[in-house]
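Below is one structure, written out as structure tokens; the observations come after it.
Excluded from the calculations below are hydrogen atoms, water molecules and symmetry mates; all remaining heavy atoms, backbone and side chain alike, are included. Each chain gets a letter, A, B and so on, in the order the sequences are listed, and its residues count up from 1.
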Protein chains: 2
Amino acid sequence: MDPHLLTTFVTVARHGSFSAAAAELGYTQSAISQQIAALEADLGLPLLRRRPVEPTAAGRRLLEHAEPLLLRLRAARADVLRTAAEPRHLLRLAATPLAVNPAVAARLAGAGARLPRLEVALRTCRPDRLAALVAEGHADLGLAGGIAAPSDPLRLPDAGPMTTAGVTEESLVVVLPPGHPLAGRASLRLADLVDARWLQTPLCPLARLRDLVGDGFAAGLEYEGDDVHTVLTLAAAGHGLTLLPASAVPAGGGVHAVPVAAPRLVHRVELLHAALPPGAAADLAAALTG
Amino acid sequence: MDPHLLTTFVTVARHGSFSAAAAELGYTQSAISQQIAALEADLGLPLLRRRPVEPTAAGRRLLEHAEPLLLRLRAARADVLRTAAEPRHLLRLAATPLAVNPAVAARLAGAGARLPRLEVALRTCRPDRLAALVAEGHADLGLAGGIAAPSDPLRLPDAGPMTTAGVTEESLVVVLPPGHPLAGRASLRLADLVDARWLQTPLCPLARLRDLVGDGFAAGLEYEGDDVHTVLTLAAAGHGLTLLPASAVPAGGGVHAVPVAAPRLVHRVELLHAALPPGAAADLAAALTG
DNA sequence: TTTAGTTACGCTATACGTAACTATC
DNA sequence: GATAGTTACGTATAGCGTAACTAAA
């Protein structure tokens, strides 16, 4: 269970090919073969079927573990190295697109005005990747947005010890295409929409909805990106329903936004960070959460 | 960041000695010295100060990561091996002491009556160790008890992908020593007790209370075991207050049990398991959750 | 001076690449 | 027969133990 072998294993599984993995990792194909053999010998189980290369049942199980394991390993290394890192003048802020809502943007602007020496680089990413970005040290601060019950914390992928703090909570709306029979309603109950077709997006993962509401929420179209505009366009074209914070749906933007009456859910934004680098990071964090 | 070196590092840190770690791990002291040196060279940072042996700031940071990392590694191995394990006739059930409450015990008895071929070995352990026990495959099923808001899941230490299902929820009482001024009350608000002295026990961790209620809850005496009787005895002797499910406090047992009015909290029991071994395990799980 | 971690050095086992082999499409 | 993974084998090196060394109590 050497992480080195684990990395090789996930690479082979991803490519479905020893040779391709060898090329990516800078080894010969023979070395990859030997590494996989070593891993299989260690566990005493075949992990891959050959020709075509695909994981066995045990291999699939291992894949589920390997990715988060390797992530945590990288996170641990990054965290330890951070304790000895140079002070940075530039603060790297990563956020999910919906996390930068009007309230958060205003606080950011306020902090920028009050802290003239603060330099912030902002990038957005999918919610499911944000924690990894912060944990691995590619961002100093993370603003994660997600769906949760009021004042409940978000369920973030576990990437090691991290500090989280609630920032804002905003009510959710169901995004309906024009002409939808329910478009005129003042509010909607999600329980009445479990049988509708929904967009599967990282911004509103259906698995999370099933978790919070119950079974149903069949996926219409799956969109793997994190762009709100694209989601709105897809929703307007009737590919499926989705849930967004009210402020993210423009008035008269071709879709109808109907508030969610039950269950009580919000779009919650949380600030997360590992050890903060010295400097303005703590000030910015205070400005965002305070 | 080889797990092998990580294991050596945590062992050395725990013992505060290279030689003691060498003895435990079956190496020479020289090998340990070389392993620590290799780890420090890999990270480019000193992790331990010598004579006396104690972790540096970076070392302390690494220790926080290393334990859960190694746990997950063992859990991954156990989980993969489980896919090829022989069917077991004996089902190993691990539970926190408070998880085996009257309702759960009755369901267990019912399952035993309906499934004559079911053989169950039950062991108890501290709540914070239960997830690890199940993840590492030392138990097939786990019954975890803990304090949570009603219908909220427990916060279990993350030891990899695991299935959880709620089993029971029971109201909580404050355990007061005889003669306590509040003993006569019909109910109590925890917010009024934040300044009292509390028992620090794995069954009712004060960190969790601070999380759910707010600051305060100073620790009187810390008890590291998982024995309910001991906790009751300590509470009766006035070492501090604690929270227990109502069914765990015997009537006329030398202590007063006063229901908690606010915030709304319960003692929740959850069933957790990784991949279930073939056989009666699924039946028992169904009997407990159904 | 004793105790405890480090360094030098030799040995072995591991892990890689080259190249020959083999099985599958 | 071409493609792709395996096996054999030679070499480099990483990791351990023995033993000599060094620094702190």
State whether [X] and [Y] are salt-bridged, where the test is any N-O pair (Lys NZ or Arg NE/NH1/NH2 against Asp/Glu carboxylate O) under 4.0 Å.
X	Y	value
A:Glu40	A:Arg49	no
B:Arg210	B:Asp215	no
B:Arg77	B:Glu136	no
A:Glu224	A:Arg126	no
A:Asp158	A:Arg72	yes

Given atom [atom1] of [X] and atom [atom2] of [N], what is their separation to the nearest angstrom?
X	N	atom1	atom2	result
A:Asp2	D:dA14	CG	P	14 Å
B:Gln35	D:dG17	CD	C1'	12 Å
B:Leu39	D:dG15	CG	C1'	15 Å
A:Arg49	D:dG5	CZ	P	16 Å
B:Asp42	D:dG15	CG	C1'	15 Å

5' to 3', nucleotides 1-11 of chain C under a 4.0 Å protein heavy-atom cut-off (B base, S sugar-phosphate only, - none) gives --BBBBBB---
Is the distance between the ring centroids of A:Tyr27 and A:His4 under 6.0 Å?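 Here the rings of A:His4 and A:Tyr27 have centres that are less than 6.0 Å from each other.
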Please tell me if B:Tyr27 has a side-chain N or O lying less than 4.0 Å from either OP1 or OP2 of D:dC16.
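Checking B:Tyr27 against D:dC16: at least one side-chain N or O falls below 4.0 Å of OP1 or OP2.
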